[in-house]
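Step one of this worksheet: look at the structure below.
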Protein chains: 2
Amino acid sequence: MKGNAVYKRSYNGCLAICGTLGLGDEMPSENEISQSLSVSRTTIRAVMAGLEAAAILTRDSGARRLARFPEAADAFPDTQTVSTSATVERRFLEWILQGHIGPGHLLTAAELARQFGTSTTIIREHLPHFQHFGLIERRPNSAWLFKGVTPAFAHEIYEVREMFELRAARSFIDLPDESLPWQRMRAIEAEHRALLMEIDKGYALFPDLDERLHRTVHETADNRFIKDFYDIISMLFHYNAQWDAEDEKQRTFTALTEHLAYIEALLRRDLKAMDRACRQHLKTARGNLLRSIDARTKTPRR
Amino acid sequence: MKGNAVYKRSYNGCLAICGTLGLGDEMPSENEISQSLSVSRTTIRAVMAGLEAAAILTRDSGARRLARFPEAADAFPDTQTVSTSATVERRFLEWILQGHIGPGHLLTAAELARQFGTSTTIIREHLPHFQHFGLIERRPNSAWLFKGVTPAFAHEIYEVREMFELRAARSFIDLPDESLPWQRMRAIEAEHRALLMEIDKGYALFPDLDERLHRTVHETADNRFIKDFYDIISMLFHYNAQWDAEDEKQRTFTALTEHLAYIEALLRRDLKAMDRACRQHLKTARGNLLRSIDARTKTPRR
DNA sequence: ATTTTGTTTATTTTATACAATAGACAGAAT
DNA sequence: ATTCTGTCTATTGTATAAAATAAACAAAAT
């Protein structure tokens, strides 16, 4: 009825803790472990029982001691440590972004449930989320309309993104030099320069850096709707990046350069230059998205 | 397991059709009725059976004829014609806007289900929606955090609203005089003037007019995210208006005047004046929201 | 040939069931 | 006095069930 992904994730987490111990050493208290793994003590107790059953821990008048070092085979595979819900969300978004269906297609919860091997409950929980993404439209008592990842979608999402990012960047400029976002931004600038030096090796690290830069800017707006919208952008780009590997190095180089112009303008508090650099960067990014949408339309189903 | 609000709504709709007939007249075809009520033929057939059972229609070799005129008592009460889901959504939002709980309060799906007399399924379907509204925050495997209808909420929602409305207004100005939104806007202007003439009688009509004005502007942006956001605004204001009756006439008068300045600037394509009028109006509106939030904080639970 | 009705099948909406997880409380241990 | 563990209770996540509704198909009728 309910999966046990939390248990398995915690089990793997406890295995890691075991790895830091010597044979015969005592495990930390249940409270300590549950806090460090952000999980209830109930779950930890269940994990402890599992570890005892696997002869990794032994009971010794209340205390639990390491009986043997865990091996790689003791851990649960990563695929089992995420909830059904999260798995379906990922697979559904990937499926859509890979262009398996076109605009106008009707999605039925029952069919999706069969396709992804879950219950309709899970599907019905996620469809409104994708509606929030602007990807589908609800028809009460009927199927959902897929609106498609079209050029119009790209233009609309970027129109809002530009408004929000410019607004946020303006509030960033108003912050004092010692504020946390400014400190972060200076670190991010350094990382950009470092990455540019080693572009051949490091460009795989760029997506994470990109995310941190834009999120740092967006968060200074201190507006839940702006943050929430960036979550959409972020999710979309995360999955989009995975199947759009073409020219990745070149695109990364361009993005790094544009980012640096943007960051420098921000840190100089040069509003004009910031505005220009930001628009330029978003224009490039939108162009990339449009290009990958176009490519997908021509060769769907990968 | 499933309510039959659609049946009851359709039943009432068919009663209305019966009212247009004379005794002994034949009912329209099932197809015709189902299309005019936007409902499946299956439902219509069930309704027909109900009407026959109520001796309003008689069967006469295939054809259905009016046997007696329906009375008011034949109809289902309106409360039964909306789905459980829609009812809960309304009641939940009203409950929140009336200030029954404060910021920081934890909401559990199980408790809400008991409170509103439904299953947790329905509640779990709506909570993400209110998250989208920026009112609550999810804690996986745990309760939801109510963030409160606070001054911060008002500021954040209005910051975005202003960005979106100004953007949309700019695209409105770019449209040709004969476009549909311009035609609508001229009609809306006339309605404003009419309402100003009879402010004492007609101010109850203002909320609807307000909705149409702003939606006309927003729709010209042709951006699903902007439209979607206006849905939030709209919903919020609809319920907020219901318990904020203080000074309603005075506020309506101010709003009508501000609207007219805004509309005139739009129709003159005067960007500067439009910008000014729009900001002024939204500032007033935000002030009203802040005032009512403040009032609620002082005297919660109505 | 299209429209209408009867019949059958699939899907949506809603409630409920049950394992996993969280959280609370009391006694035991430091 | 705090922290730890054992135990118990409540809630969440997910699947399933059943009625309402939609949709598809076939025979009958215009």
Side-chain angles (χ1 to χ4, degrees), chain A residues 1-10 26-35 37-49 59 61-64 83-88 106-114 117-125 127 138-144, chain B residues 1-10 26-35 37-49 59 61-64 83-88 106-114 117-125 127 138-144:
Chain A
M1 304 282 157
K2 185 179 183 175
N4 57 351
V6 174
Y7 169 84
K8 291 178 176 170
R9 201 175 336 127
S10 308
E26 214 175 304
M27 280 292 272
S29 80
E30 294 171 2
N31 275 315
E32 243 174 297
I33 302 176
S34 80
Q35 274 165 31
L37 297 181
S38 310
V39 102
S40 78
R41 199 164 63 84
T42 307
T43 299
I44 295 303
R45 283 175 64 81
V47 168
M48 292 299 144
R59 218 69 209 277
S61 70
R64 295 186 181 91
S83 69
T84 315
S85 188
T87 308
V88 168
L106 288 176
L107 300 170
T108 69
E111 195 182 320
L112 290 170
R114 281 194 296 274
T118 45
S119 65
T120 55
T121 309
I122 295 284
I123 299 294
R124 285 177 61 88
E125 185 165 73
L127 288 174
R138 177 172 202 175
R139 304 286 167 94
N141 284 315
S142 179
W144 293 70
Chain B
M1 301 287 158
K2 184 179 184 176
N4 57 352
V6 174
Y7 170 84
K8 290 178 177 170
R9 203 175 334 128
S10 308
E26 216 176 301
M27 280 292 272
S29 80
E30 294 170 1
N31 275 315
E32 243 174 296
I33 302 176
S34 80
Q35 275 165 31
L37 296 181
S38 311
V39 101
S40 79
R41 199 164 63 83
T42 308
T43 299
I44 295 302
R45 283 174 64 80
V47 169
M48 291 300 144
R59 218 66 207 280
S61 69
R64 294 186 182 92
S83 68
T84 315
S85 188
T87 308
V88 167
L106 288 176
L107 301 170
T108 69
E111 195 181 322
L112 290 171
R114 282 194 295 273
T118 46
S119 66
T120 55
T121 309
I122 295 284
I123 298 294
R124 285 176 61 89
E125 186 166 73
L127 288 174
R138 180 173 200 173
R139 303 287 165 93
N141 284 314
S142 178
W144 294 70

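All values derive from a computational prediction rather than experimental measurement. The chains referred to below are lettered A, B, ... by the order of the sequence lines, with proteins before strands, and numbering in each begins at 1.
- Checked against side-chain contact (heavy atoms from CB on, under 4.5 Å), Ala46(B) has the following partners two or more places apart in sequence or in another chain: Tyr7(B).
- End-to-end axis angle for the helix from dA1(C)-dT30(D) to dT30(C)-dA1(D), using five pairs per end and rounding to 10°, comes out at 30°.
- For Thr87(A), the side-chain contact (heavy atoms from CB on, under 4.5 Å) partners two or more places apart in sequence, or in a different chain, are Val82(A), Arg90(A), Arg91(A).
- For Gln35(B), the side-chain contact (heavy atoms from CB on, under 4.5 Å) criterion is met by no residue, not counting sequence neighbours.
- Taking the 5' to 3' direction, DNA chain C first and last meets chain A under 4.0 angstrom from a heavy atom at dT11(C) to dA24(C).
- The phosphate of dT5(D) has neither OP1 nor OP2 within less than 4.0 Å of any side-chain N or O from Arg59(A).
- Side-chain atoms of Lys8(B) and Asn4(B), non-hydrogen and from C-beta on, do get closer than 4.5 Å to each other.
- The side-chain contact (heavy atoms from CB on, under 4.5 Å) test applied to Thr42(A) returns Ser40(A), not counting sequence neighbours.
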For nucleotides 14-24 of chain D, 5' to 3', base contacts (B), sugar-phosphate-only contacts (S) and non-contacts (-) with protein non-hydrogen atoms under 4.0 Å give BBB-BBBSBBB
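- For Glu111(B) and dT9(D), the CD to C1' distance is 15 Å, given to the nearest whole Å.
- If you check every strand for non-hydrogen atoms under 4.0 Å, Arg139(B) touches nothing.
- Counting non-hydrogen atoms under 4.0 angstrom, Arg114(A) reaches the backbone sugars and phosphates but no base.
- Partners of Arg45(A) under the side chain to side chain donor-acceptor pair (under 3.5 Å) rule, at least two apart in sequence or in another chain, are Glu30(A).
- For the salt bridge (Lys or Arg N to Asp or Glu O under 4.0 Å) test, no residue two or more places apart in sequence or in another chain qualifies with Arg114(B).
- Rounding to whole angstrom units, CG of residue Asn31(A) and P of dG6(D) are separated by 12 Å.
- Contact of the Ile33(B) side chain with the Met48(B) side chain is registered, since non-hydrogen atoms from C-beta on lie closer than 4.5 Å.
- Remark: Glu26(A) engages Arg65(A) in a salt bridge (Lys or Arg N to Asp or Glu O under 4.0 Å) (not counting sequence neighbours).
- Side-chain atoms of Ile44(A) and Asn31(A), non-hydrogen and from C-beta on, never get closer than 4.5 Å to each other.
- Inter-residue side-chain proximity for Leu127(B) and Leu112(B) is flagged as met; some heavy-atom pair is nearer than 4.5 Å.
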